[in-house]
Amino acid sequence: MTSIEAIRNNEPLNLRQQIALTTKLAVPAILAQLSTILMQYIDASMVGRLGADESASIGLMNSSLWFFWGVCSMITMGFSVQVAHRLGAKEDAQARDVLRQGITSCLIFGILMALIGGAIAPFLPGWLGGTEEIQHGATVYFVTFIAALPILTMNYLGGGMLRCAGNMKVPGLLNVLMCVLDVMFNFFLIFPTRELQFAGASFTVPGAGLGVFGAALGTVLAECVCAASMMYFLCRRQKELHLTGEHSGGSFRPRMEVLRKAAKISVPMTLEHVIFCGAQITITIIVAPLGVVAIAANAFAVTAESLCYMPGFGIGDAATTLTGQSYGAGRYDLVRRFCHLTVLLGLAIMTVMGVIMYIAAPLMMEIMTPVDAIASLGTEVLRIEAWAEPMYAASIVAYGAFVGVGDTLIPATMNFGSIWLVRIPLAAILAPSLGLRGVWIAMCAELCFRGIIFLWRMKSGKWLKPDRKSSESEPMPVEEV
C-alpha cells in the first residue's frame, strides 16, 4: 500500500496512488473527529436528561470554551506544520528539535490561557446574558474545563505532530478511547445513585450526582488519559520523532527562529479563531434574549450538526499532512493535486452527511433532549443548516490544505470577512422577527458564501508560493546529542 514515505523519497505517484494515500490518511482522521463529536453528543444527551436549565447552562458557555480550546489548538499548529515540512525534506533531526521546543512553548501557553480563563470565569455567564438560574452551573462547567487547558494543549500538540508525521491511526484510536472513557465517567458522575431495569432484573447503579460539574469532570478525566497516551506514543514510539535513545538529548528551550516561524503560521490562524469565536459569542448574545428554549435548542443543534461537518475537519487534517509533506519535499504539482483530491472528497462526504442530517434531524434532537419544544426548534434549524454542508466542506478542507503550505494570513482574513460581514449582520437583522430560525438562516447563507470564496482561492493557485519552502530558508541549528 502507498505510504506517506513515498512523498519524502520522491517516488512517482499516479492518480490511483494519490487517491489511495488520501483515503488512507483521511479515514482515521474522520473517525477521530467523529469520536470527538460523539463524545460531545453523548455529554449533551446525558445533561439534557437533567432539564432545560442545565442544558442552557452548558449551551451558554460552549462558544467561550471553543474560544479557549481553539486558540490553544491554533498555537500548536505553528509547530506541527514546521515538523511536516522538515519531515518532507527528510530532516528528522530538525523535526525533533521543533518538537522539543513546541512542548515547552505550548505548555507555557496553555497555563497562561488557563489563568486568564479562571480569572474571568465568575463574570462570564453574566456578560453573555445568562439568567441567574443558570449562571452558577455555567461557571462551574466553564472553570472545570479551563483548569485542564494545559493538558488539553498537550493533547492537541501530540495529535497534530503525529498527524503531520503521517500517523493518523494513533490519534484516531486514542480519540475513540477518550469517547468511551467519557461515557463511562459521565455515567457515574452526572447522575445520582439510581435503580435501573434490565432483562427483568433491577440493578442499583452508584452515582455521584454531580450534574453539570460531573459532565465536565468526566470529559476532563478522559482527556487526561488521552493526552498522556498521545504524548507517550509521540515521544517514545513514533519512528521519525521519538526522543529516546540516541535522540534523548537536545534542549527544550525555545529559540527565536522556531518561534518566529511558528508565529508566522499560528498568529493569523489564532487571530482568525479569536475573531470567529468572538462572532460565536456575539451570536450567543443575540440568542440569549430569545429564552432558555432557544439557548438550549441552539446548543443542541450545534452539537448535532457537528456530526455532519467533523468529517470535513478530519479530511482537512489529512490535507494538511499531504500538502505539508509534499511542500517540504518541493513537489509542488503534488501539493496541488492533493489539495484538489481532498476538497472533492470533503464535498462528496459532507453532501451525503447533509442529506442524512435533513432526514434524521428529529431523531437526533429527540436523543439529546426529552423537552418537546427544544427538540422541535432544534429540528427546524438543523434542516436549514443542511443546505450549507457542501460549501462548508469546501472551506474546511481547502483551509487545511492551505495551512499545510503555511498560507494562513489570507484564508484567516477570508474567514474574518465572511463571519463579520455576512453572518453577524444577517443574524442581527433576522433574529428579532424570525427568532432562532433567523440566526440559522444567516449561518447557512454565510457558510455558502465562505465555501465559494475558498474554492475561488484554490482555483487561483495564489495560496501556493514555492519561495516559501521551509527547507530553502536558513538551516535551523540542531542541538548536540
Side-chain angles (χ1 to χ4, degrees), residues 40-67 120-145 186 190-192 209-216 219 277 279-306 361-385 423-424 427-443:
Q40 296 179 15
Y41 195 93
I42 292 164
D43 276 359
S45 178
M46 287 182 167
V47 174
R49 305 297 153 181
L50 299 177
D53 284 350
E54 287 80 1
S55 300
S57 66
I58 290 179
L60 185 69
M61 305 310 294
N62 276 343
S63 56
S64 299
L65 283 171
W66 291 337
F67 170 84
I120 66 172
F123 315 103
L124 191 55
W127 293 345
L128 296 175
T131 61
E132 291 186 5
E133 292 80 8
I134 67 174
Q135 285 187 17
H136 175 71
T139 299
V140 169
Y141 186 77
F142 182 78
V143 166
T144 307
F145 276 113
N186 282 354
I190 293 177
F191 305 104
L210 298 178
V212 170
F213 172 58
T219 304
C277 284
Q280 290 293 95
I281 293 169
T282 303
I283 291 291
T284 301
I285 294 171
I286 292 173
V287 171
L290 302 177
V292 168
V293 170
I295 294 172
N298 184 64
F300 285 143
V302 167
T303 301
E305 189 212 356
S306 301
L363 177 61
M364 295 168 76
M365 292 304 300
E366 287 171 8
I367 290 173
M368 299 184 75
T369 175
V371 181
D372 290 340
I374 295 175
S376 176
L377 183 56
T379 297
E380 287 186 53
V381 298
L382 279 179
R383 284 179 165 168
I384 292 170
E385 189 71 1
R423 183 185 300 191
I424 296 299
I429 292 170
L430 297 177
S433 58
L434 298 177
L436 188 63
R437 299 167 190 82
V439 174
W440 282 67
I441 289 172
M443 190 186 305

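Below, each value reflects all heavy atoms present in this structure, side chains not excepted, and no hydrogens, waters or symmetry copies. Source: prediction; values computed, not measured.
Scored by the side chain to side chain contact (heavy atoms under 4.5 Å, CB included) test, Ile429 finds no partners at all (sequence neighbours excluded). Among residues two or more places apart in sequence or in another chain, the side chain to side chain donor-acceptor pair (under 3.5 Å) test is passed with Glu366 by none. Partners of Leu210 according to the side chain to side chain contact (heavy atoms under 4.5 Å, CB included) rule, which considers only residues two or more places apart in sequence or in another chain, are Leu189, Ala208, Phe213, Leu217. With sequence neighbours left out, the side chain to side chain contact (heavy atoms under 4.5 Å, CB included) criterion links Leu65 to Trp69, Tyr141, Phe142, Phe145, Ile146.
Sorted pairs that involve residues 124-141 and meet salt bridge (Lys or Arg N to Asp or Glu O under 4.0 Å), not counting sequence neighbours, are lacking altogether.
With rounding to the nearest 0.5 Å, the separation of CG in Leu290 from CD1 in Ile295 is 8.0 Å. Here Met61 contributes atom CE and Ile134 contributes atom CD1; the two are 9.5 Å apart, rounded to the nearest 0.5 Å. Put simply, CD1 on Ile441 and CG on Leu430 are 6.0 Å apart, with the number rounded to the nearest 0.5 Å. For the atom pair Leu436 CG and Ile283 CD1, the distance stands at 9.5 Å (nearest 0.5 Å).
Nearest approach of Asn298 to Trp440, heavy atoms of both residues: OD1-NE1, 2.9 Å. Residues Ala431 and Val439 come closest through the heavy atom pair CB-CG2, 3.9 Å. Nearest heavy-atom pair, Leu128 versus Ser64, reported as atom, atom and distance to 0.1 Å: CD1-OG, 3.6 Å. Between Ile190 and Ala215, the shortest heavy-atom distance links the atoms CG1-N, 3.5 Å.
Residues Ile285 and Trp127 form no side-chain contact, since every pair of their non-hydrogen atoms from C-beta on lies 4.5 Å or further apart.
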Sequence neighbours left out, cut at 3.5 Å: what donor-acceptor pairs do the side chains of residues 372-383 make with other protein atoms?
{"from": "Thr379", "atom 1": "OG1", "to": "Ala375", "atom 2": "O", "distance (Å)": "2.8"}
{"from": "Glu380", "atom 1": "OE1", "to": "Arg437", "atom 2": "NE", "distance (Å)": "2.5"}
{"from": "Glu380", "atom 1": "OE2", "to": "Arg437", "atom 2": "NH2", "distance (Å)": "3.2"}
{"from": "Arg383", "atom 1": "NE", "to": "Tyr358", "atom 2": "O", "distance (Å)": "2.8"}
{"from": "Arg383", "atom 1": "NH2", "to": "Tyr358", "atom 2": "O", "distance (Å)": "3.4"}

